Amino acid sequence: MTDAFSLPPEAAGPRLAVAAATLERLRTVPELAPRYAGLPDGVRTLDELAALPPLLKDDLNTALAHLEPRSDTAATWLFQSGGSTGAPKVGYAPTGFYMAGVHAHWPVLERSDVFANAWGAGRMWGAHFLAAALADRAGCRVIALGSITREEYPDWLAFLADRGVTAIGGTPSVLRLWFAHARAAGLELPALRKVLWLGEAWQPQLEEDLAAVAPGARRWGMFGSTETWVVGTNTPDCPADTFHPLPEQLVHAGPDGLLDFTTLNPEMLNPVLRYRTGDAGELTACPCGRPGRAMRVLGRRDNVVQVRGLGLHVDELIARAEREPGVSRAQVVITEDGGRATGVQVLLLTDPGAAVDPDALRAELLAGTFTLSTAFQHDPEHVTVHATGELLGNERTGKTAPFVVRGAPREPAATPAAATAAGEAS
């Protein structure tokens with residue numbers, strides 16, 4: 001089993017005391033204690049760690065609600081985790097967000113850099129503050145960008161060019177907005193050399209815009225979540241889907257192809273012990289030539305969908321819609337243009353003669369779903385709810401998936417049979 005971990009036994013062994021302490025914390029949670037009954041008291045080997053049951057998102061939320069972790073040496077920050085119906089779920093981190101270890105092994109920012117932080121700030125988002133902590137470690141100059149409207153891009157881009165910005169960071173979908181607006185306006189960022197990204201898979205379409213706007217810029221990626229914080233990083237010499245785990249992060253590739261993560265950092269507030277984010281992947285050698293096992297991320301295997309950099313829990317959205325009297329089935333349709341979500345539509349298959357009020361349900365979903373209300377705060381009209389006599393299906397397989405992604409229509413809208421079912425099972 002040890003070959004399924006990112007660290008060999010001799011490197012992981014001295015750090016497994018942290019995993020053992022996390023196990024003891026989880027055993028104090030009444031709802032979780034039974035799952036660990038009968039297992040060894042400690043975690044001394046990788047095989048013993050592999051024998052522990054994986055921790056899922058709801059399990060971690062249960063643990064955090066009971067433990068209410070608090071930093072001993074700094075303020076404790078609470079961040080929104082995922083985006084679903086109901087109240088936001090939270091993750092915890094101390095001031096600094098564990099970025100000392102990241103900077104030590106990934107010195108992408110230097111004191112001479114001028115860094116534009118384009119991750120959204122506030123509203124319990126973590127990435128903006130995490131990137132700010134990285135910049136603080138580097139001692140560089142920082143421009144903190146907030147929400148930018150379409151009309152503001154030209155002025156801000158001119159400002160960034162004038163200030164000689166050398167690095168910019170954000171989710172790939174947000175970065176595409178910046179570079180697409182620059183390209184459309186004929187603006188360039190001649191000093192830009194580094195593009196930091198976190199929160200989504202890298203979008204190859206960015207390469208075209210970068211070649212026109214900032215031909216000297218190269219991508220530098222981080223992988224992680226609000227529960228694990230940064231797990232691994234990559235460089236321009238690594239494939240975009242391959243990351244090198246940090247020494248304080250232990251990655252395990254299960255036989256089912258799902259990745260789970262265990263913290264080896266004694267300062268970590270979240271009890272991350274074989275925690276599954278829903279990402280599938282494998283451990284591999286990176287073509288960059290750096291020694292050690294790298295983590296290749298193959299995509300998500302749950303129904304959390306990235307919408308403008310935030311996670312939308314499709315199953316929870318559908319469950320809420322299907323609780324509406326007269327609705328027999330619901331389907332979420334996400335329209336994308338160039339990899340960016342331009343709209344979310346909820347289709348309702350209604351019972352004959354049922355009186356369903358789509359407008360009332362839309363208002364409720366917008367008010368109660370963090371991702372929808374936040375991602376579409378500037379264009380809420382792009383979130384719609386419609387009653388229909390037929391859900392979108394896949395003509396090739398005949399299946400009707402709960403979640404469908406299709407490109408923005410340039411011709412007349414696609415027929416239901418022609419839509420692509422993104423969540424379709426093999």
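Keep in mind the model is a prediction, meaning the values are calculated, not measured.
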Please say which of [options] ends up in a side-chain contact (heavy atoms from CB on, under 4.5 Å) with [X].
{"X": "Val307", "options": "Thr374, Val314, Thr371", "result": "Thr371"}
{"X": "His386", "options": "Val333, Leu348, Leu347, Val346", "result": "Leu347"}
{"X": "Met295", "options": "Asp241, Thr284, Leu259, Asp279", "result": "Leu259"}

With the side chain counted from C-beta on, respond yes when Tyr275 and Lys57 share a heavy-atom pair under 4.5 Å apart, and no when they do not.
-> yes

Any donor and acceptor pair, going by atom type alone, linking the side chain of [X] with main-chain N or O of [Y] inside 3.5 Å?
{"X": "Asp136", "Y": "Ala132", "answer": "no"}
{"X": "Asn270", "Y": "Tyr92", "answer": "yes"}
{"X": "Arg35", "Y": "Pro54", "answer": "yes"}
{"X": "Ser373", "Y": "Ala367", "answer": "no"}
{"X": "Gln249", "Y": "Val230", "answer": "yes"}
{"X": "His66", "Y": "Pro30", "answer": "no"}

Check: Thr171/Trp119 side-chain N/O donor and acceptor closer than 3.5 Å | no

Verify side-chain contact (heavy atoms from CB on, under 4.5 Å) between Phe223 and Thr228, making sure each step is shown before the conclusion.
-> CA-CA 10 Å; Phe223 175 88; Thr228 62; 6.0 Å; no

What is the minimum heavy-atom distance between [X] and [Y], and which atoms define it?
{"X": "Ala387", "Y": "Thr350", "result": "CB-CG2, 4.0 Å"}
{"X": "Arg193", "Y": "Gly216", "result": "CD-O, 3.6 Å"}
{"X": "Asp113", "Y": "Cys140", "result": "O-CB, 3.2 Å"}
{"X": "Leu391", "Y": "Arg329", "result": "CD1-CB, 3.9 Å"}
{"X": "Glu322", "Y": "Ala330", "result": "OE2-N, 2.9 Å"}
{"X": "Asn234", "Y": "Trp106", "result": "O-NE1, 2.8 Å"}

Quick one: pull up [atom1] in [X] and [atom2] in [Y] and give me the separation to the nearest 0.5 Å.
{"X": "Leu250", "Y": "Asn265", "atom1": "CG", "atom2": "CG", "result": "13.0 Å"}
{"X": "Thr388", "Y": "Leu349", "atom1": "OG1", "atom2": "CG", "result": "7.0 Å"}
{"X": "Phe179", "Y": "Glu208", "atom1": "CZ", "atom2": "CD", "result": "14.0 Å"}
{"X": "Leu273", "Y": "Leu23", "atom1": "CG", "atom2": "CG", "result": "6.0 Å"}
{"X": "Leu175", "Y": "Asp209", "atom1": "CG", "atom2": "CG", "result": "10.5 Å"}
{"X": "Arg340", "Y": "Glu200", "atom1": "CZ", "atom2": "CD", "result": "9.0 Å"}

With sequence neighbours left out, what residues match Trp178 under ring-ring contact (aromatic ring centres under 6.0 Å, His included)?
-> Tyr153

Hey, is CZ on Arg27 packed in by over 12 heavy atoms from elsewhere, all under 6.0 Å?
-> yes

Check step by step if side-chain contact (heavy atoms from CB on, under 4.5 Å) holds for Val108 and Leu134.
-> CA-CA 9 Å; Val108 57; Leu134 178 66; 4.2 Å; yes

Partner set under salt bridge (Lys or Arg N to Asp or Glu O under 4.0 Å) for Arg308, not counting sequence neighbours | Asp379

Could you go through the side-chain contact (heavy atoms from CB on, under 4.5 Å) check for Val383 and Thr369 one step at a time?
-> CA-CA 11 Å; Val383 177; Thr369 308; over 6 Å; no

Do Ile168 and Leu189 pass the side-chain contact (heavy atoms from CB on, under 4.5 Å) test, and can you show the C-alpha distance, the side-chain angles, and the key distance before you say yes or no?
-> CA-CA 11 Å; Ile168 189 171; Leu189 297 173; 5.6 Å; no

Summary of salt bridge (charged side-chain N to carboxylate O under 4.0 Å, His left out) pairs that have at least one residue in residues 62-75, sequence neighbours excluded | none

Using the six-membered ring wherever Trp is involved, compare the ring planes of Trp229 and Phe79 and label them parallel, tilted or perpendicular (cut-offs 30° and 60°).
-> perpendicular

